[in-house]
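First listed ligand is number 1; within each ligand, the first listed atom is number 1. If you read the sequence from its start, that first residue is 1, and numbering goes on from there.
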Amino acid sequence: MIFTPINTWFAEEINQPLFICGPCSAESEEQVLKTAIELQKEKKINVYRAGIWKPRTRPGTFEGKGIEALTWLQEVKRQTNLRVAVEVASPFHVEACIEKDVDIIWIGARTTSNPFSVQEIANSLKGINIPVLIKNPINPDLDFWIGAIERIYDAGIRKIAAVHRGFYPFEKTSLRNIPKWEIPIELKTRFNDLPMICDPSHISGSREFIEEISQKALDLNFDGLMIESHINPEKALSDASQQLKPDDAIQLINRLIVRSISIENEDFANLLCRFRDQIDSIDSQLLQLLSQRMNVVREIGKYKKYNNVTVFQIRRWQKIIETRMLEGKKIGLSEKFIAQLLELIHKESIQEQAEIMKKKEN
Ligand code: PEP
Ligand code: MN
């Protein structure tokens with residue numbers, strides 16, 4: 001799959017990282033315009049977001065202003081240089097957005113989780129050239145995310161970006177949604193040129209974590225950020241605790257450090273090259289050691305089979321964890337890392353030995 005880079009989505013050059021800011025929901029013409037006029041003072045912000053149809057968890061809460069709010073966004077376009085972005089969940093939404101000159105549409109997390117809806121949206125997009133942002137599904141299921149991207153791509157859309165907004169936490173956590181950065185990283189590994197945007201507002205759920213999450217996303221080379229901003233966050237009809245005043249959003253954006261991925265400084269490039277050589281050599285030794293360890297594991301497997309001894313030995317396993325954690329800690333490795341690494345190695349060892357037990361002959 002070949003995706004169009006964000007900076008060529010429109011006739012005019014668009015800033016990268018792309019900053020998309022605006023309220024969770026469009027609530028009134030005044031709120032929409034006041035927020036937009038404040039945000040457009042920062043030239044780094046190119047796109048204005050606002051939810052028109054809100055997918056709320058429970059009925060009876062504010063569900064968006066619907067079609068009439070699209071005319072408020074047209075007014076934003078008249079009065080500012082901002083492009084506008086709206087969430088869609090059905091062909092009807094797509095049609096209304098196209099008719100009212102919306103520049104970018106996005107598919108929300110709840111919709112991405114439903115292939116029927118994504119397919120219907122994809123069908124309604126055939127022959128239309130509009131950028132589509134695709135949020136990750138609520139559950140940490142990479143295939144669902146990829147599936148939605150494929151459906152939109154198959155409709156002929158090439159201006160696509162994935163939006164990482166975190167995953168539903170089953171336990172209570174300080175963040176509203178768990179980032180699970182490994183999932184967007186895996187997505188980028190599979191689709192190298194797929195533009196990636198992070199939505200730190202929905203990951204955070206409260207204002208205090210937005211900056212940290214935003215910086216982390218930029219450090220991971222995300223192509224843009226979607227940040228919720230409301231002229232009067234305390235009075236917001238949805239997501240009040242995570243929206244920033246326009247001025248605070250602008251200040252936050254200006255504190256963020258954008259690092260470059262290319263290495264222009266020659267000294268630094270040489271140094272990095274030497275460090276990378278070291279890493280390559282250490283990795284190769286690690287692989288050799290793991291292979292040696294696995295050979296021993298197989299030998300033990302044969303011995304266990306011969307003596308009718310179980311593969312899994314809880315005391316031995318506890319001892320391994322205990323001693324390695326202690327040893328690892330002494331040499332500056334985190335307990336969590338050691339535990340995860342050992343678990344992975346142990347799982348593989350058990351599997352190898354179980355295979356040996358299954359075999360008829362040794
Ligand atoms: C939103 O962007 O306001 C929204 C509803 O987000 P999500 O789909 O990520 O929950
Ligand atoms: Mn929101």
Query raised in the report: Can you find a side-chain donor-acceptor pair between Gln313 and Thr310 that sits under 3.5 Å?
Result: yes

Query raised in the report: Can you find a side-chain donor-acceptor pair between Gln292 and Gln288 that sits under 3.5 Å?
Result: no

Query raised in the report: Which atoms of ligand 1 are found less than 4.0 Å from any heavy atom of Arg110?
Result: 7 (P), 8 (O), 10 (O)

Query - Minimum-distance N/O/S atom that Asp239 presents toward the Mn ion (ligand 2) - result: OD2

Requested in this report: Please say whether more than 12 non-hydrogen atoms of neighbouring residues, nucleotides or ligands are located less than 6.0 Å from NZ in Lys43.
Outcome: yes

Query raised in the report: Which residue from Ala109, Ser113, Gly22 reaches closest to atom 8 (O) of ligand 1 through any of its heavy atoms?
Result: Ala109

Query raised in the report: In the protein, what heavy atom is nearest to atom 2 (O) of ligand 1, and what distance, to one decimal place, separates them?
Result: Arg49 NH1, 2.7 Å

Query raised in the report: Please state which protein non-hydrogen atom is closest to atom 9 (O) of ligand 1 and give its distance, to 0.1 Å?
Result: Arg165 NE, 2.6 Å

Query raised in the report: Numbering the atoms of ligand 1 from 1, which are under 4.0 Å from a heavy atom of Gly108?
Result: 8 (O)

Query raised in the report: Should we say atom NZ of Lys245 is surrounded by more than 12 heavy atoms from elsewhere, each under 6.0 Å from it?
Result: no

Query raised in the report: Would you say Lys135 has any N or O atom under 3.5 Å from an N or O of ligand 1, going by distance alone?
Result: yes

Query raised in the report: Has Lys304 got more than 12 heavy atoms of other residues, nucleotides or ligands less than 6.0 Å from its NZ?
Result: yes

Query - CD1 on Ile98 to CD1 on Ile130, rounded to 0.5 Å - result: 4.0 Å

Report task. Among the N/O/S atoms of Glu228, select the one at the shortest distance from the Mn ion (ligand 2) and name it. Result -> OE2

Requested in this report: Would you indicate whether Asn81, at its atom CG, is surrounded by more than 12 heavy atoms from other residues, nucleotides or ligands within a distance under 6.0 Å?
Outcome: no

Report summary line: The protein heavy atom nearest to atom 4 (C) of ligand 1 is His202 NE2, 3.5 Å

Query raised in the report: Which residue owns the protein heavy atom closest to atom 5 (C) of ligand 1, what's the atom, and how far is it?
Result: Glu87 OE1, 3.6 Å

Query - Contact atoms of ligand 1, heavy-atom distance to Trp106 under 4.0 Å - result: 2 (O)

Query - Glu68 atom CD, neighbour heavy-atom count above 12 within 6.0 Å - result: yes

Query raised in the report: Is the closest heavy atom of Gly51 to ligand 1 under 4.0 Å?
Result: no

Query raised in the report: Which ligand 1 atoms does Cys24 reach within 4.0 Å, using its non-hydrogen atoms?
Result: 3 (O)

Query raised in the report: Using heavy atoms and a threshold below 4.0 Å, how should the contact between Met226 and ligand 1 be classified: side chain, backbone, both, or neither?
Result: neither

Query raised in the report: With a cut-off of 4.0 Å, which atoms of ligand 1 are near a heavy atom of Lys54?
Result: 1 (C), 3 (O), 5 (C)

Report task. Quick one: sort the His164 and Phe167 rings into parallel, tilted or perpendicular, breaks at 30° and 60°. Result -> tilted

**Report entry** 4.5 Å side-chain heavy-atom contact, Leu82 and Val47
**Finding:** no

